[in-house]
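Since this is a predicted model, take the numbers as computed values, not measurements.
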Amino acid sequence: MNMDFIDALSEIEREKGIAKEVLIDAIEAALISSYKRNFNTAQNVRVDINRHTGLIKVYARKAVVDDVLDVRLEISLEAAREISPNYQLTDIVEIEVTPRDFGRIAAQTAKQVVTQRIREAERGLIYNAFVDKEEDIVTGIVQRQDLRNVYIDLGKIEAALPLTELMPTDKFKQGDRVKAYITKVENTTKGPQIILSRTHPGLLKRLFELEVPEIFDGVVEIRSVAREAGFRSKIAVHSRNAEVDPVGSCVGPKGIRVQTIVNELKGEKIDIVRWMEQVDEYVANALSPSKVIEVNVFENEKMARVIVPDYQLSLAIGIKGQNARLAAKLTGWKIDIKSETQAEQEYGRQKTYSEEMHQDSISID
């Protein structure tokens with residue numbers, strides 16, 4: 001190796017951000033292994049690369065002793081003093097043992113080490129770039145699909161979108177652009193691994209943060225999200241400014257903001273409700289779009305009994321209980337829904353609360 005090699009290391013330092021000294025130290029360490037492997041020796045050696053000329057030398061390191069038991073590792077005091085009269089017992093003597101054709105081996109080893117270090121550095125940069133984006137949205141291009149994942153090109157790395165994290169309405173082909181939510185970033189032995197999701201509630205939350213300036217600015221905050229991906233979602237919002245309507249901000253002029261999100265989620269229905277500190281009002285809002293007559297809150301059971309008009313019962317419950325189930329997830333309360341007629345009949349018989357819990361009604365956890 002020569003000055004061109006040193007110049008190349010300086011160029012790598014500038015372009016890749018890997019310190020030249022780190023590369024040289026790594027090459028020296030690798031050359032020690034190469035020397036022992038190629039020349040079948042168990043000597044204790046040191047490899048030195050001149051930082052200015054690139055010249056490589058190999059030195060055998062031997063301890064100064066009275067009685068030499070292993071000539072590969074030890075040298076007598078008499079022999080050491082022939083090299084320099086200043087040597088004392090226990091000193092280390094270095095004797096150059098650079099093989100004649102070591103340059104070829106050195107060049108191959110250096111290339112391998114530099115390539116490996118560049119790869120490691122690039123992996124580190126990619127990991128650092130994405131680890132801070134965990135629980136955030138990224139946009140990528142669909143590359144391919146196997147039995148377990150859809151692979152998304154994010155520019156510097158390919159991320160995995162498990163088929164289990166796809167919405168039922170997701171149908172992608174190669175080259176499609178897709179937004180997804182980063183659920184995990186790991187630094188594995190094979191490099192950074194990024195796992196994406198299209199079903200995570202965080203995706204809905206981040207989409208609203210991107211589309212609604214009031215949320216991005218912190219004026220409107222998202223208090224809760226409940227989602228059955230691909231079908232229906234509910235999001236509870238609250239305004240820190242009494243003059244700003246949180247629901248209207250999320251809907252946007254002529255519904256354009258929420259429609260953009262609905263389009264991204266392939267037609268997923270989204271109910272935007274106003275978060276309220278009072279549980280009864282919050283539960284009533286969460287059951288939107290159904291109308292509510294009355295909400296009775298039972299703190300000990302963390303359950304809310306809701307009375308709705310007879311004609312609104314099926315709407316309040318939703319298809320296969322979806323509306324009530326999402327409302328329960330959104331509020332964190334059990335919700336027991338009864339029609340006005342059911343409530344009058346049960347109250348008319350003066351049932352106890354415990355008995356009422358076993359009546360024909362919808363109760364969603």
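- With respect to the salt-bridge test (charged N to carboxylate O, under 4.0 angstrom), the residues R14 and E11 qualify.
- Residues N187 and P192 share a closest heavy-atom pair of OD1-N, 4.0 Å.
- No side-chain donor-acceptor contact under 3.5 Å links Q145 and N149.
- Atom CG of N285 sits about 10.5 Å away from atom CD of Q278, to the nearest 0.5 Å.
- With E28 contributing its side chain and I49 its backbone, the two residues share a donor-acceptor pair below 3.5 Å.
- Between the S239 side chain and the A242 main chain, no donor and acceptor come within less than 3.5 Å of each other.
- Going from atom NZ of K20 over to atom OG of S10 covers 3.5 Å, rounded to the nearest 0.5 Å.
- No side-chain donor-acceptor contact under 3.5 Å links N263 to the backbone of T260.
- Under a 3.5 Å cut-off, the side chain of S84 and the backbone N or O of R81 do not form any donor-acceptor pair.
- Residues satisfying the side chain to side chain donor-acceptor pair (under 3.5 Å) criterion with D280, sequence neighbours excluded, are absent altogether.
- For K234 (side chain) and I272 (main-chain N/O), no donor-acceptor pair under 3.5 Å exists by modelled atom type.
- Rounding to the nearest 0.5 angstrom, the gap separating the CZ atom in R206 from the CG atom in L204 is 12.0 Å.
- Shown here for A226 and L326, the closest heavy-atom pair between the two residues is CB-O, 3.5 Å.
- How far CG of N50 is from CD1 of I56: 10.5 Å, rounded to the nearest 0.5 Å.
- In this structure, R46 CZ and E94 CD are separated by 4.0 Å, a value rounded to the nearest 0.5 Å.
- By the 4.5 Å side-chain criterion applied to Ile, Leu, Val, Met, Phe, Trp and Tyr, V65 is assigned to a cluster that also includes V68, V71.
- Of all heavy-atom pairs spanning V113 and A30, the tightest one is CG2-CB, 3.4 Å.
- Under a hydrophobic clustering in which Ile, Leu, Val, Met, Phe, Trp and Tyr are joined whenever their side-chain heavy atoms come within less than 4.5 Å, directly or via other members, L207 and V273 fall into different clusters.
- T341 and D310 share a side-chain donor-acceptor pair at under 3.5 Å.
- Other members of the cluster containing L163 are I126, Y127, F130, V131, V138, V142, V150, I152, L154, I157, L161, L166, F172, V178, I182, V185, I194, L196, with ILVMFWY side chains joined at under 4.5 Å, either directly or via other members.
- Smallest separation of non-hydrogen atoms from A316 and V308: CB-CG1, 4.1 Å.
- In this model, no donor atom of one side chain and acceptor atom of the other lie less than 3.5 Å apart for R117 and Q112.
- Evaluation of the side chain to side chain donor-acceptor pair (under 3.5 Å) rule for E96 yields T98 as partners, not counting sequence neighbours.
- Listed for the D25 side chain is no donor-acceptor partner under 3.5 Å among the backbone atoms of V22.
- The salt bridge (Lys or Arg N to Asp or Glu O under 4.0 Å) contacts involving residues 255-269 comprise R198-E264, E214-R257, R227-E268, where partners must be two or more places apart or lie in separate chains.
- A distance of 13.0 Å separates CD1 in I337 from CZ in R305, rounded to the nearest 0.5 Å.
- No side-chain donor-acceptor contact under 3.5 Å links T183 and S197.
- Listed by chain and number, the residues in a ring-ring contact (aromatic ring centres under 6.0 Å, His included) with F208 amount to none (sequence neighbours excluded).
- Through direct or relayed side-chain contacts under 4.5 Å between Ile, Leu, Val, Met, Phe, Trp and Tyr, V93 connects to V64, I75, L77, I83, Y87, L89, I95.
- Across every non-hydrogen atom of D271 and S288, the tightest pair is OD2-O, 3.5 Å.
- At least one donor-acceptor pair closer than 3.5 Å links the side chain of R240 to the backbone N or O of G218.
- Every side chain to side chain contact (heavy atoms under 4.5 Å, CB included) that T188 has, sequence neighbours left out, goes to E186, K190, Q193.
- Judged by distance alone, the side chain of S224 and the main-chain N or O of L330 form a donor-acceptor pair under 3.5 Å.
- When the side chain to side chain donor-acceptor pair (under 3.5 Å) test is applied to Y35, the partners found at least two apart in sequence or on another chain are Q43.
- Residues passing the side chain to side chain donor-acceptor pair (under 3.5 Å) test with D70, sequence neighbours excluded: R72.
- Contact check for V262 versus L265: no side-chain heavy atoms found under the 4.5 Å cut-off.
- In plain terms, the two heavy atoms of T109 and S34 that are nearest each other are OG1-OG, 3.0 Å.
- Under the 3.5 Å distance criterion, the side-chain polar atoms of D217 are left unmatched by any main-chain donor or acceptor of V219.
- Hydrophobic cluster membership differs between V306 and Y282, with clusters built from Ile, Leu, Val, Met, Phe, Trp and Tyr side chains linked at under 4.5 angstrom.
- The list of salt bridge (Lys or Arg N to Asp or Glu O under 4.0 Å) pairs with a residue in residues 150-162, not counting sequence neighbours, reads R144-E158.
- Counting only residues at least two apart or on different chains, the ring pair (Phe, Tyr, Trp, His ring centres under 6.0 Å) pairs with a member in residues 223-253 are H238-W275.
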